[in-house]
Structures are given as C-alpha cells and as structure tokens.
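As structure tokens, the structure follows; a few thoughts come after it.
Just so it is clear, the structure is predicted and the values come from calculations on it, not from any experiment. If you read the sequence from its start, that first residue is 1, and numbering goes on from there.
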Amino acid sequence: MRSWKAAGAAAVILPLAFLAAFFCYPVIAMLARGITGPGGLDVTGITAVLTERRTWRVIGQTVYQAGLGTIFSLLLGVPGAYVLYRLRFPGQRALRALAVVPFVLPTVVVGAAFRAVLGRGGPAAFLGLDQTVTAVILAMVFFNYSVVVRTVGTMWASLDPRSEEAARTLGASPARAFATVTLPRLAPAIASSGAIVFLFCSTSYGLVRTLGSPGYGTIETEIWRRSAIYLDLKAASVLSLVQVVLVLATLVVSERLSKRQALRLRGGVRVPVTPAAIAPAALTFMVIAGLICTPILTLISRSLGGSAGWSLKNYRLLATSGEGYTGGATVLDAIWNSVRQGAMATIICLAVAVPLALVMSRPTAGAARRAQSLLGGLLLLPIGVSAVTLGFGFSLALDTPPLDLRDSRLLIPIAQAIVALPLAVRALTPTLSAIAPAQREAARTLGAGPWRVLATIDGPHLARGMTIALGFAFASSLGEFGATSFLARPDTQTLPVMIVRLLGRPGSDNYGMAMAGAVVLAVLTAGIMAGAEALRKDVP
C-alpha cells in the first residue's frame with residue numbers, strides 16, 4: 001500500500017514542482033514586475049500604462065481582429081462542417097484531410113504562405129492586401145477553419161436526422177427546419193468552437209509578426225516591442241497582465257461551453273447530397289480550393305521560383321545566412337537547432353505529461369475527484385497564458401538566481417515543453433481513461449506493484465496515446481515562435497525565428513530563403529504528425 005501511495009504522490013508532486021519552477025514562477029515574477037514598485041503596489045505606474053492611448057489602441061486592435069477572425073471562421077466553417085461530416089459523397093475523406101492541414105502548420109508557415117499569395121509577385125498582389133489587417137484576418141480564418149469544421153462537424157455527424165425530417169414532413173422548408181431544429185442542437189458546439197477560435201486569434205503572434213504592417217500592433221506584438229526594443233519592462237508587464245485576463249476569460253467560456261456540448265451528443269447517420277446542399281457544398285469547395293490550397297501551393301511555387309526561373313536556388317541558399325549578411329548562423333543551423341531543441345522539448349514534455357495523464361485518468365470520487373478537477377484546471381494554465389508572456393517571463397525570471405539559466409541550452413526546450421504540455425496530456429488521457437478499473441484492481445489483488453501494473457495494464461493503452469502525444473509535442477516545439485523569439489540567441493536561433501527575420505530583411509534572396517525555409521518547416525511538422533498517426537495505427 002505504501003508503494004502505491006508513494007507512486008501516486010510522486011506522479012503528482014514532481015510534475016507540479018516542474019510547473020511551479022518553470023511556469024508559475026516566471027509568469028508571477030513577470031506580472032509582479034508590472035504591478036509592484038519600490039513601495040509595494042505601483043498604482044501610479046499601472047494607471048500610467050492603462051491610460052495611454054496606444055495601450056487601448058492595441059487592445060482594441062487585438063479584440064477587433066480576433067472578433068472578425070472568429071466571425072468569418074464560423075460563417076465558413078459551419079457550412080463546411082455540414083458538407084464534410086453530415087453529407088455522404090465520393091472524395092469526402094480527402095477533402096476533410098485538406099481542411100485539417102492548416103491546423104498542423106506553424107503560424108510562421110501560414111504567415112509566409114499568405115505573404116507569398118498577397119506580396120509582390122503573388123497571384124493576389126493586385127488586391128493590395130500585403131501587410132494589412134485584412135491579410136492577418138484571412139490567415140486567421142485559414143488557420144482556424146478546421147477548428148470549427150471538426151468541432152461542429154463531429155457533433156453534426158452525431159445528431160439523429162429524424163427530428164429534422166419530421167419538421168420537413170410537417171411542411172417546414174429546409175432553412176426553417178435547420179433554424180428551428182438543428183441549429184439549437186448545434187449551438188453549444190458552434191459557441192464552443194467560436195470561443196476557441198477567438199482564443200487562437202487573440203494570441204496569433206506569429207501571424208501578426210509575419211503579415212502585419214510595421215506600425216500595426218496587438219497586445220502580443222506590443223509586449224515584444226516594449227520589452228525588446230524600448231526596454232520598457234513595466235509597460236510590457238502590465239500588457240502581459242491584460243492579456244492573461246483576456247485569454248483566461250475566453251478559456252473559461254470555452255470550457256463551460258464544451259461541457260454543455262458533451263451533454264448533447266447522440267448517434268446519427270450521414271445523408272446523401274440533396275439540392276439544398278448544393279450551395280454549402282459549392283462554398284466549401286471554394287474555401288478549400290481558394291483559401292486553403294492556394295496559399296500552400298503558392299508558397300511551394302515561390303520557394304522554387306527566382307529571377308532565373310524555376311530552380312532549387314532558394315534551397316541551396318539555406319546553407320548561408322542570407323543576402324547582405326556574412327557570418328552568423330545559417331538557415332541550416334537554425335533547422336538543426338529546431339530539431340535538436342524540439343527533441344529535447346519533447347522528452348521533457350512527455351516526462352511531465354505521462355505521470356499527470358496517469359493521475360488524471362484514474363476514476364475517483366469525493367475529495368480526490370475535486371483534487372483531480374483542480375489539477376486539470378492547473379494544466380490548462382499554459383493554454384491560458386500566451387507563449388509571448390511565457391517567453392517574456394523566462395527572460396526576466398530565469399536569468400538571475402535562484403534559477404539562472406541564461407547560458408543553458410535547456411532554456412528554450414523547457415519553454416517549448418510547457419507550451420506543448422496541455423496538448424500532450426489531452427492526447428494521453430482519453431486512452432488511459434478507457435481502461436476498466438477492474439483490471440487494475442485485479443492486478444493489485446494478485447500482488448502486482450505499481451510498476452508491474454503500469455507495464456502490463458496501462459502500458460499498451462499508454463503506447464497508443466504516446467505516439468500522438470509525441471507528435472503533438474514535437475511538431476508544436478518545432479513551430480513554436482512566441483516564447484522562442486524572446487529567448488533565442490544568435491547561436492540558438494530556430495527555424496521559425498529565422499524565417500521571420502528573413503522576411504523582415506530586404507532582398508529577393510532573403511525572401512526566397514524565407515519561402516524555402518517555411519516549406520521545410522511545413523514538411524517537418526506535417527511529416528511528424530503523419531508519422532505519429534501511422535505509428536498509432538501500428539500499435540496493437
């Protein structure tokens with residue numbers, strides 16, 4: 001019995017100690033910098049930042065672009081959910097796979113793809129949208145379209161169609177039957193996906209850095225500008241606090257709506273294409289072809305294009321540091337840094353995620369159940385705090401005692417591991433929750449210790465979830481830009497950081513290298529996720 005209690009305590013205490021040291025401490029230290037002064041609470045300093053016109057302008061711009069990104073994602077995603085999950089037609093699985101592709105791409109790749117489409121020489125350059133708010137919002141819709149499609153589509157596919165058929169039999173038109181019968185049942189899923197999309201849109205640091213104009217600012221870019229350029233740490237800390245409040249409020253709304261959504265799931269069937277489905281089907285095909293496929297294909301073509309025509313010149317230039325620059329890190333160095341640091345981040349992430357998932361998946365009751373719920377809430381905090389805020393906190397708190405990691409090569413991997421941790425835990429928990437408690441009890445009755453039960457009972461289920469968790473953690477770490485942009489040094493630059501810097505430099509070669517680097521990053525992340533999915537299917 002003591003061994004079981006010791007194992008359970010270690011599975012909770014050690015991961016929580018890691019989060020306390022490398023998440024709570026940096027974030028709290030950063031926030032304390034913003035609200036305190038030599039005499040305690042710095043009300044004057046906080047008021048000065050919050051009364052600046054620029055502060056409210058960037059807050060308004062953040063909410064404005066996140067709101068529009070959410071609205072258009074829903075307007076396009078709900079019809080897409082109907083077509084891709086409710087209807088039945090040839091090629092549906094391929095279209096569904098295409099719709100999901102954007103979500104596995106790093107934000108820096110998405111930004112580079114839209115620069116390829118909207119920038120000079122791109123197929124939509126005539127629209128004049130390069131480095132505008134509209135470009136940022138389009139990229140947000142591209143990135144979050146699959147969130148709405150999958151969230152709403154999963155519920156739509158589970159609805160029993162007989163209620164809507166009964167309404168049609170009683171004389172209701174297709175539109176009226178949808179509005180009065182189907183839409184109320186889909187409302188929780190639509191609202192939940194909208195809250196998630198708003199969260200992602202309000203923290204799209206990589207998209208804004210790659211697509212926004214130099215003078216355009218959101219809360220995240222303003223945090224970076226105030227801290228990295230103007231060295232105004234007080235203002236940056238206050239803005240980080242504002243963003244934490246905004247993001248956590250959105251996260252709370254999302255979680256509550258998700259619980260409402262779960263209560264409405266039922267079994268359902270797919271239906272054949274009808275004349276009423278032609279309009280949403282046409283819209284879905286246009287979105288997938290125009291909004292999703294066009295940027296990806298244009299990015300690939302621009303990476304192969306140059307002044308001398310089609311060639312691999314841009315890829316060969318990845319062995320250099322860029323046009324007009326000699327010495328320093330090359331793009332190949334950045335690729336190696338990304339892979340090495342991503343692998344280290346994945347190991348750290350899984351070492352923390354596995355014991356937490358084992359604890360979260362155990363059936364409990366009473367006080368233990370409440371403690372488990374509290375632990376689940378704590379694990380959501382890395383989602384509720386922007387990676388930019390985390391990176392800023394690392395740069396402030398972890399370069400002085402008691403945790404001085406300025407010269408440690410673990411600094412970036414630890415930050416990336418924390419960003420990926422909620423995804424890894426959520427990938428592991430469902431498979432472990434599927435284990436019948438009687439299996440563990442039977443093993444314990446027969447004298448098996450904690451490690452024996454872990455190996456024989458939890459092990460096979462853990463292996464299935466581990467492949468997806470590994471894919472999420474590795475792909476997320478490779479594409480992480482927010483925290484890494486604060487922490488990368490000249491010798492530890494990652495590929496996303498290098499891509500953004502190349503896009504900000506003049507010269508056609510630098511632009512071509514950025515396109516080629518973005519393709520390499522997209523192939524790496526997509527390949528990792530595809531490999532993880534293939535391994536999951538091979539696990540017995």
Side-chain angles (χ1 to χ4, degrees), residues 61-87 92 95-96 98-103 105 107 110 113-114 117-118 124 127 129 132-157 159 164 173-204 207-208 211 250 253-254 257-258 260-261 273-296:
Q61 288 172 168
T62 302
V63 175
Y64 169 76
Q65 73 173 26
L68 286 182
T70 302
I71 290 170
F72 285 108
S73 295
L74 291 173
L75 289 176
L76 298 178
V78 172
Y82 171 70
V83 173
L84 297 178
Y85 282 84
R86 186 61 159 176
L87 299 181
Q92 185 180 44
L95 287 176
R96 194 185 298 172
L98 285 174
V100 175
V101 165
F103 196 67
L105 297 178
T107 55
V110 176
F114 274 83
V117 173
L118 302 173
L127 296 175
L129 298 178
T132 65
V133 179
T134 303
V136 176
I137 293 172
L138 284 173
M140 288 178 175
V141 177
F142 168 94
F143 191 75
N144 293 293
Y145 176 77
S146 62
V147 176
V148 179
V149 168
R150 294 193 68 177
T151 305
V152 179
T154 301
M155 173 171 273
W156 212 327
L159 296 180
E164 188 171 344
S173 65
R176 184 175 179 83
F178 170 76
T180 58
V181 178
T182 305
L183 185 59
R185 294 190 290 172
L186 291 176
I190 295 173
S192 175
S193 63
I196 295 171
V197 170
F198 185 87
L199 174 65
F200 288 150
C201 290
S202 62
T203 56
S204 296
L207 294 180
V208 178
L211 287 171
T250 306
V253 172
S254 173
L257 292 173
S258 296
R260 288 179 58 196
Q261 174 185 340
V273 178
T274 62
I278 293 177
L283 176 63
T284 301
F285 295 151
M286 286 190 294
V287 169
I288 292 177
L291 184 65
I292 295 178
C293 293
T294 297
I296 296 173

Ignoring hydrogens, what is the shortest heavy-atom contact between Ser193 and Leu74? Give both atom names and the distance.
OG-CD2, 3.7 Å
Ile292 versus Pro102: any side-chain heavy-atom pair under 4.5 Å?
yes
Only pairs at least two apart or in different chains count here, so list each side-chain hydrogen bond (donor to acceptor under 3.5 Å, both in side chains) that has a residue in residues 65-80.
Gln65-Tyr216
Looking at Thr284 and Gly80, what are the two nearest heavy atoms and their distance?
OG1-CA, 3.4 Å
Please report the closest heavy-atom contact between Leu98 and Cys293, naming both atoms and the distance.
CD1-SG, 4.2 Å
Ala113 and Pro295 have their tightest heavy-atom pair at CB-O, 3.6 Å
Please round to the nearest 0.5 Å and tell me the distance separating atom OH of Tyr85 and atom CZ of Arg150.
5.0 Å
Ignoring hydrogens and angles, tell me if any N or O in the side chain of Thr294 forms a donor-acceptor pair with the backbone of Ala289 under 3.5 Å.
yes
Backbone of Thr151 reached by a side-chain donor or acceptor of Thr154 within 3.5 Å:
no
Beyond-backbone contact of Phe285 with Leu95, side-chain heavy atoms, under 4.5 angstrom:
yes
What one should report as the nearest heavy-atom pair of Val63 and Phe198 is O-CE1, 4.1 Å
Would Ser204 and Val136 count as a side chain to side chain contact (heavy atoms under 4.5 Å, CB included) here? Give the steps.
CA-CA 9 Å; Ser204 296; Val136 176; 5.9 Å; no
How long is the gap from CD1 on Ile137 to OG1 on Thr132, to the nearest 0.5 Å?
8.5 Å
Could you give the distance from CG (Leu118) to CG (Leu211), rounded to the nearest 0.5 Å?
7.5 Å
For Cys201 and Ala66, which heavy atoms make the closest approach, and how far apart are they?
CB-CA, 3.6 Å
One should read off an interatomic distance between Leu291 CG and Tyr145 OH, to the nearest 0.5 angstrom, of 8.5 Å
Answer yes or no: is there a side-chain heavy-atom contact under 4.5 Å between Phe142 and Ile296?
yes
